[in-house]
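Presented below is the structure to which this report refers.
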Amino acid sequence: MELGTYQNFIGGVWTDGDAKETFAVVNPATEETIATVPNATASDVKAAIDAAHAVQPEWADSVAADRAKILRVAAQLMRERVEHLARVMTMEEGKPLAEARGEVAYAASFLDWFAEEAMRVYGDTIPSSSRDKRILVLKRPVGITAAITPWNFPSAMITRKLAPALAAGCTMIVKPSELTPLSAFELARIFEEAGLPKGVLSVVVGTDAPALAKVIMDDFRVRKISFTGSTEVGKILMRQAADTVKRVSLELGGHAPFIVFEDANLEAAVENAVTCKMRGMGETCVSANRIYVQRSIYADFVDMLANRMAAMKVGNGLEDGVNVGPLIERAAVEKVKRHVEDAVAKGARVIIGGTSESTRGYFYPPTVLADVDHTMLVTQEETFGPVAAVVPFDTEEEVISYANNTEYGLAAYYFTRDIGRVFRLAEQLEYGILGANDGMPSTAQAPFGGVKSSGIGREGSKYGIQEYLDIKYLSLGGILD
Ligand code: ADP
């Protein structure tokens with residue numbers, strides 16, 4: 001089924017821009033083209049920046065309550081259109097409809113949250129060392145910003161950046177993934193209807209991501225870049241940002257450990273492992289990538305996990321009852337295969353799954369691997385697929401060193417009823433997000449972000465809006481004149 005032709009949204013106008021050709025958006029469940037999109041060029045990005053530049057001063061000086069209202073109206077429109085938005089998302093990304101609906105609600109929650117934060121951009125007054133002076137701290141929007149976003153959360157990864165940007169008074173150019181641009185265009189439609197002034201938001205997408213990004217990175221007028229994607233691309237952008245001294249927020253790769261101690265609630269740990277592993281088919285940067293289970297409960301845990309995952313239904317996410325959709329593209333399936341074959345060759349046991357016979361659609365079945373060790377690729381790299389790799393461990397000290405033995409530091413999970421251990425691990429695990437007895441910690445009011453090679457900056461929460469604000473210090477003299 002075709003969803004139709006979409007256009008780029010540049011400076012408040014739906015347009016083919018300077019595109020000489022179109023590119024196809026493909027449904028990963030059927031490998032059919034669902035839409036064609038003009039393949040944006042560098043000059044289209046430049047036009048979007050010019051448009052943002054023209055309106056940035058007025059938008060920065062607009063009243064916070066008015067910006068908040070636009071965000072609230074947009075959130076409401078998202079909720080009213082959840083069925084349509086979820087369908088588009090499932091067709092371009094593959095995740096089951098129920099998950100797509102969940103993502104639309106999650107994406108809208110950032111609009112609600114930052115509508116309120118817009119009203120709380122407070123400054124400070126600081127006692128001065130002179131009776132004749134006063135010291136004030138003001139907050140101002142950083143100016144034109146840009147977001148480069150991935151395909152795995154086609155809506156939420158945009159609103160998590162766009163909402164604080166708009167709330168703070170920044171304009172934004174969004175360059176979504178070329179694999180999932182339709183949800184981004186749907187969001188732009190919603191903001192247009194919600195009354196966002198022309199030029200404040202542009203959505204520009206093309207297949208030559210490095211060329212489009214380069215225009216953003218080289219333009220001094222763009223004062224901040226927020227990126228979610230691979231560590232490899234994040235490093236490129238960080239280097240490029242140096243030349244114009246742009247602020248950067250980077251949400252990069254993860255390699256999440258999921259640790260189950262013998263004193264944990266085992267049923268809850270299994271349920272959380274399934275959700276944390278299988279949400280988005282395992283294609284998220286916070287997916288449980290290495291599951292560590294204490295030896296006394298190891299065999300039981302593996303059995304219970306395999307039973308739960310074997311009961312999951314794989315198929316086209318538009319169909320009822322399906323809870324595992326396709327991966328995003330053929331290369332993703334190849335990577336998962338490579339990881340599983342490598343693990344098996346090095347002695348891992350396949351409990352369920354482990355082979356993909358799919359000829360149409362990029363499917364890989366839920367897979368549980370037991371007796372995994374640290375020589376295997378599954379424990380060294382992000383698998384980004386529905387493979388639960390379960391490693392046994394003996395002591396708390398040992399598992400902390402396993403968990404930290406990676407360059408990544410986004411999310412870590414652990415299950416225990418020992419309150420002392422909850423705090424010991426919270427302090428010792430080198431991760432930005434900790435789920436203690438919780439496999440799904442992401443929420444709009446909490447700070448999301450990583451340490452080490454997982455990135456810089458935080459999204460969501462009261463901290464998220466600070467990434468879009470500059471601090472200005474006003475020293476006011478002559479008080480006694
Ligand atoms: P993922 O592994 O999640 O696909 P990527 O880092 O490849 O992560 O992609 C995330 C986003 O970065 C996408 O919008 C993609 O188009 C864009 N991108 C890919 N390569 C580059 C690059 N060299 N410069 C800037 N953006 C890029």
Side-chain angles (χ1 to χ4, degrees), residues 8 23-26 28 37 39-42 44-45 48-49 92-95 103 145-162 172-185 187 202-219 222 224-244 246 248-256 279-287 289 326-336 338-339 362 381-385 408 410 450 453-456 459:
N8 284 299
F23 68 94
V25 181
V26 171
V37 175
N39 197 0
T41 61
D44 294 321
V45 178
I49 300 172
E92 69 175 347
E93 201 271 349
K95 66 181 67 182
E103 184 183 332
T145 64
I148 299 181
T149 56
W151 48 265
N152 60 350
F153 291 94
S155 188
M157 292 305 101
I158 296 176
T159 58
R160 202 153 80 165
K161 301 175 189 309
L162 180 60
M172 182 169 256
I173 293 111
V174 177
K175 205 299 285 169
S177 168
E178 57 279 20
L179 298 173
T180 58
L182 308 184
S183 297
F185 292 137
L187 272 178
S202 288
V203 176
V204 193
V205 65
T207 51
D208 191 350
L212 302 185
K214 187 83 174 39
V215 179
I216 291 170
M217 300 314 290
D218 286 349
D219 197 315
V222 179
K224 179 193 168 71
I225 170 88
S226 179
F227 170 75
T228 299
S230 60
T231 296
E232 186 194 350
V233 174
K235 287 179 184 172
I236 296 174
L237 295 175
M238 199 171 168
R239 275 187 215 109
Q240 292 177 341
D243 284 340
T244 52
K246 281 188 213 323
V248 291
S249 295
L250 304 171
E251 295 288 354
L252 310 177
H255 189 27
R279 186 169 64 126
M281 292 74 74
E283 298 173 300
T284 89
C285 47
V286 292
S287 299
N289 216 48
L327 302 189
I328 189 70
E329 55 186 346
R330 172 104 26 230
V333 177
E334 294 307 321
K335 180 175 185 192
V336 173
R338 197 155 40 80
H339 275 203
Y362 312 133
E381 294 174 13
E382 256 187 319
T383 304
F384 246 57
Y408 295 108
L410 190 54
S453 293
S454 289
I456 293 175
E459 296 191 310

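Ligands are counted one by one from 1 in listed order, and the atoms in each one are counted from 1 as well. The chain is numbered in sequence order, starting from 1.
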Quiz item: Can you find a pair of side-chain heavy atoms, one from I225 and one from Q240, that are under 4.5 Å apart?
Solution: no
Quiz item: Side-chain contact, heavy-atom cut-off 4.5 Å: P181 with E92?
Solution: yes
Quiz item: Less than 4.5 Å apart, any side-chain heavy atom of F153 and any of I158?
Solution: no
Quiz item: Between the side chain of E93 and the main-chain N/O of T180, is any donor-acceptor distance below 3.5 Å?
Solution: no
Quiz item: Which heavy atom in L327 sits nearest to a heavy atom in V336, and how many Å separate them?
Solution: CD1-CG2, 3.8 Å
Between ligand 1 and the protein, which N/O pairs are shorter than 3.5 Å?
from, atom 1, to, atom 2, distance (Å)
ligand 1, 4 (O), W151, NE1, 2.9
ligand 1, 6 (O), S230, N, 2.9
ligand 1, 6 (O), S230, OG, 2.7
ligand 1, 8 (O), S230, N, 3.4
ligand 1, 14 (O), T149, O, 2.7
ligand 1, 14 (O), K175, NZ, 3.0
ligand 1, 16 (O), K175, NZ, 2.7
ligand 1, 16 (O), E178, OE1, 2.7

Quiz item: Counting N and O atoms only, with roles assigned by atom type, does the side chain of E382 sit under 3.5 Å from a partner on the main chain of F384, one being a donor and the other an acceptor?
Solution: no
